[in-house]
Student: 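For reference, the structure I am asking about is given below.
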Amino acid sequence: MVLALGLPLSHAERPFTVAGGPVASTPTSAVPADAGEAARAAVASHFAPTIYQETKDQRDLIAAMDFDGDWDLTNNASHVDGRPMPAVVYDTVVETPTHWFLTYLPYHPVDAKGVNGHDNDTEHATMVVRKDGSAFGRLEAMEVRFHDWMYQYAAPGSGVGDAADDVDGPIHFDTDGRPMINAQRVGHGLCGGLAPTLPFFDSLALRCRHRDTPRIARQGVVYRYKGRAEAPRSLDDRDVGYALVEIGEQVWPRARDAGALRVFATRMDFRGERCTEYDCPRGIGAVLASAVGHGSTGMPWEEGPGKGVSKAGDPFFDPAYTLGRRLRFPAPFAIDYSFNPYLGVGSFPDTALAAH
């Protein structure tokens, strides 16, 4: 029996409890502040991807950043063994008058590659959803991070084409209509197709077969959005539910933390191409804190920009501009935001401060 942690919840509610373990910090109110917030939450839940995670050991399981009961990321790598790993995927939504941009981030406490392994592993996927008058809109494109590369996929019939970057393949959908993603074991690179793993040389597993349907090729866990965090029964469990945790409510409030609970080790300023038009954040956390002597990675805003743009953080903070340069979208495609709290357009609920 799958260990279900809590009851099914709406995306806006978010709280979940690990029996006998930590309680994730969450906003106290489950009531959306307005219809816009409710709509964004519904769209993020609707398109939450099915993730095919290949596994070698417990370090390949998706976890919350505070899976061990604290927000000190320097000790996460040493706390993995033997703990239940309830699955959460961090997400956030920004929007323009024509599109929603949905970012999903699975977190792993350890990237265990023999070469260039490190603590605190983050990869992410971004969905581009057209507002077509329906409740959830229509998914047009998806971008995933595969180590140092960004790959783009188009929904069949979307009319999305090449620009500064190219369309690598089609979006693959499961029987429930959700986009599918393959996550490698050990290094956790995300592929919109199939990313083969190698028996003894995981550091060299750098192929992404875009037109192959994502699946578990050897051993792994299939994570499906269920609105609740479940812990896998084994390293080969094909039906594990995950919850969505809003980055703007849990991680972003900690982006300037300087206290004893170390979430970030370094700081950065976002200097994107459109910072003369928007209120770009300064002095925010960049590289996630790791154990002494260990390497680490950062949140998506710390990673390289990819083609068509030039600044670290562009794909996360300004996805409309970034994806509008990487790919060609049918008109209309607005790049000015109606909601993007990271750039000063709108704000997260006041209850997000409860995440502190």
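Computed from heavy atoms alone, side chains included, the values below leave out hydrogens, waters and symmetry copies.
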Student: Examine the side chains of Asp121 and His108 and answer whether a donor and an acceptor come within less than 3.5 Å of each other.
Tutor: no
Student: Is the distance between the ring centroids of Trp301 and Phe270 under 6.0 Å?
Tutor: no
Student: Under 4.0 Å between a Lys/Arg side-chain N and an Asp/Glu carboxylate O for Arg274 and Asp336?
Tutor: yes
Student: Salt bridge or not for Asp269 and Arg271, using N-O below 4.0 Å?
Tutor: yes
Student: Between the side chains of Arg83 and Asp81, is the shortest nitrogen-to-carboxylate-oxygen separation below 4.0 Å, so that they form an ion pair?
Tutor: no
Student: Run the salt bridge (charged side-chain N to carboxylate O under 4.0 Å, His left out) test on Asp239 and Arg224 for me, step by step, so that the C-alpha distance in whole Å, both residues' side-chain angles and the decisive distance to 0.1 Å come before the verdict.
Tutor: CA-CA 7 Å; Asp239 186 21; Arg224 310 176 192 276; 3.4 Å; yes
Student: Measure from NZ or CZ of Arg40 to the centre of the six-membered ring of Phe339 and say whether it is under 6.0 Å with the direction within 45° of the ring axis.
Tutor: yes
Student: State whether Asp237 and Arg233 are salt-bridged, where the test is any N-O pair (Lys NZ or Arg NE/NH1/NH2 against Asp/Glu carboxylate O) under 4.0 Å.
Tutor: yes
Student: Determine whether the aromatic ring centres of Tyr223 and Tyr242 lie less than 6.0 Å apart.
Tutor: no
Student: By the definition side-chain contact (heavy atoms from CB on, under 4.5 Å), identify the one residue from Gln184, Arg215, Arg218 that meets it with Glu54.
Tutor: Arg218
Student: Are the side chain of Thr122 and the backbone N or O of Gly298 linked by a donor-acceptor pair below 3.5 Å?
Tutor: yes
Student: Is a donor on one side and an acceptor on the other found under 3.5 Å between the side chain of His118 and the backbone of Ala112?
Tutor: no
Student: Could you pull out the closest heavy-atom pair between Thr98 and Ala334, with the gap in Å?
Tutor: OG1-N, 2.9 Å
Student: List the atom of Thr92, the atom of Glu246, and the distance in Å for their closest heavy-atom pair.
Tutor: OG1-OE2, 2.6 Å
Student: Is the distance between the ring centroids of Tyr104 and His124 less than 6.0 Å?
Tutor: no
Student: Is it true that the side chains of Thr50 and Asp174 contain a donor and an acceptor less than 3.5 Å apart?
Tutor: yes
Student: Verify whether the ring centers belonging to Tyr278 and Tyr337 lie closer than 6.0 Å.
Tutor: yes
Student: Which atoms form the tightest heavy-atom contact between Ala320 and Thr96, and what is the distance?
Tutor: CB-CG2, 3.9 Å
Student: Would a hydrophobic clustering, with Ile, Leu, Val, Met, Phe, Trp and Tyr connected at side-chain separations under 4.5 Å, put Leu194 with Val222?
Tutor: no
Student: Can Arg59 and Asp57 be counted as an ion pair, charged N to O under 4.0 angstrom?
Tutor: yes
Student: Minimum heavy-atom separation for Val240 to Ala231, with atom names?
Tutor: CG1-C, 4.4 Å
Student: When the ring planes of Tyr151 and Phe146 are compared, do they come out parallel, tilted or perpendicular, using 30° and 60° as the limits?
Tutor: tilted
Student: Out of curiosity, does Val128 fall in the hydrophobic cluster containing Tyr321 (side-chain heavy atoms, cut-off under 4.5 Å, transitive links)?
Tutor: yes
Student: Using the six-membered ring wherever Trp is involved, compare the ring planes of Phe101 and His99 and label them parallel, tilted or perpendicular (cut-offs 30° and 60°).
Tutor: tilted
Student: If I take atom OG from residue Ser290 and atom CG from residue Asn75, how far apart are they, to the nearest 0.5 angstrom?
Tutor: 11.5 Å
Student: For Ala141 versus Leu327, what's the shortest heavy-atom pair and its separation?
Tutor: CB-CD1, 4.2 Å
Student: Is there a donor in the side chain of Thr74 and an acceptor in the side chain of Asp72, or the other way round, less than 3.5 Å apart?
Tutor: yes
Student: Which pair of heavy atoms, one from Glu230 and one from Arg228, lies closest together, and at what distance?
Tutor: OE2-NE, 2.8 Å
